[in-house]
Amino acid sequence: MIIADSLRQECMPEMVYIICKLAGAKDKYRKEEFKKLITLGHENTTAYDRVFKFSLDCNFIKLINGEKVSTDFTEEQLRNFNILRFTIADNIFKEKDTAFTLLVKWYLGQQSNVFSYKSAEELKNKIPREIEFGINIEKDFILGFRYWAVALGLATFQKAGAGSTLVFGCNNNICDWLKFKKPFESGKKIPVKMFINQLIIDSPQYLNTIKDNRIKQSLSMALRILNNQKIIELKYIPDTSDIWHLTNSIQYPETNMISEIIVR
């Protein structure tokens with residue numbers, strides 16, 4: 001399972017979810033029947049055709065004997081989009097890197113100056129040339145990347161004038177991880193090092209968010225939001241030997257240094 005390099009603006013997560021839901025139905029439909037059910041017989045199916053191909057490229061759906069549309073997602077994984085988004089995020093970063101996963105890892109490792117990129121074109125022009133994507137990163141790919149980063153719970157859109165800018169929002173992905181993966185016992189104090197190590201093992205997209213005992217902005221923001229939502233509790237024990245530093249916060253200075261995390 002991957003987010004394929006055929007990602008484009010039209011490949012909206014909501015549309016992919018609809019395709020996967022129908023592919024997961026007990027009754028299996030041939031390609032043309034399937035298309036008519038999704039497009040309601042509209043003549044212009046260009047957008048659908050691109051999303052269908054993208055879903056195939058990602059291995060979200062498959063063709064049985066080259067005819068009937070099916071999927072390997074279970075009924076439970078397709079029950080709602082939150083479960084599906086975690087299933088996808090839980091797999092794509094463990095496979096061979098694609099342009100999407102490389103871009104996510106780069107993005108999550110940035111500081112807040114990345115918020116100043118107000119358009120897909122601007123963000124495209126800021127991507128370091130030394131990252132080897134294997135494809136030409138075009139504006140249309142970046143537009144698709146923005147939608148999928150938000151859909152997978154890794155970022156969110158923030159109003160910026162007439163448009164919107166992409167900002168860190170990986171608290172949703174980490175919340176999904178805690179809810180569906182259940183890596184830690186509820187109410188138990190976990191050393192930050194253990195929490196971070198398990199997070200990176202399960203979710204390699206966060207590898208670039210840590211440097212020594214310092215936690216970069218994207219993950220610092222996520223941990224503070226989860227702390228405020230009482231999903232986790234960030235604790236600091238002064239005499240402990242293993243202290244971790246979140247990015248400095250004027251609003252929440254008590255969380256600048258942490259040593260333990262309790263999952264609620």
Can you label the angle between the [X] ring and the [Y] ring as parallel, tilted or perpendicular, going by 30° and 60°?
X    : Y    : result
F180 : F86  : tilted
W177 : F184 : perpendicular
F73  : F60  : tilted

Donor-acceptor pair, distance only, cut-off 3.5 Å: does the side chain of [X] make one with the backbone of [Y]?
X    : Y    : answer
E95  : I92  : no
S220 : I215 : yes
T156 : V167 : no
N171 : L226 : no
W106 : N208 : no
K28  : A25  : yes
Q77  : T74  : yes
K94  : P204 : no
T101 : D97  : no
S218 : L108 : yes

Between [Y] and [X], do the side chains contain a donor N or O and an acceptor N or O under 3.5 Å apart?
X    : Y    : result
N213 : D242 : yes
Y252 : N228 : yes
Y17  : N80  : no
S6   : D57  : yes

Over 12 foreign heavy atoms within 6.0 Å of CZ, R50
no
Around atom CZ of R214, are there more than 12 heavy atoms of other residues, nucleotides or ligands at under 6.0 Å?
no
Please say yes or no: joined through hydrophobic side-chain contacts below 4.5 Å, possibly via intermediate residues, are [X] and [Y] part of one cluster?
X    : Y    : answer
L219 : I225 : no
L223 : I231 : yes
M257 : I196 : no
I142 : I2   : no

Would you compute the distance between atom CG of N256 and atom OH of Y236 and round it to the nearest 0.5 angstrom?
10.5 Å
Would you compute the distance between atom CG of L40 and atom OG1 of T45 and round it to the nearest 0.5 angstrom?
12.5 Å
Ignoring hydrogens, what is the shortest heavy-atom contact between [X] and [Y]? Give both atom names and the distance.
X    : Y    : result
I237 : T240 : O-CG2, 3.0 Å
F34  : A23  : CE1-N, 3.6 Å
T87  : N91  : O-ND2, 2.6 Å
V104 : Q205 : CG1-CB, 4.1 Å
S70  : I64  : CB-CD1, 3.5 Å
N82  : D176 : O-OD2, 4.1 Å

Where at least one partner belongs to residues 181-204, residue pairs that pass salt bridge (Lys or Arg N to Asp or Glu O under 4.0 Å), sequence neighbours excluded
D90-K181
Quick check on the 6.0 Å ring-centre criterion: do F115 and F168 meet it?
yes
So, are [X] and [Y] salt-bridged, with charged N and O less than 4.0 Å apart?
X    : Y    : value
E121 : K139 : no
E76  : R79  : yes
K235 : E233 : yes

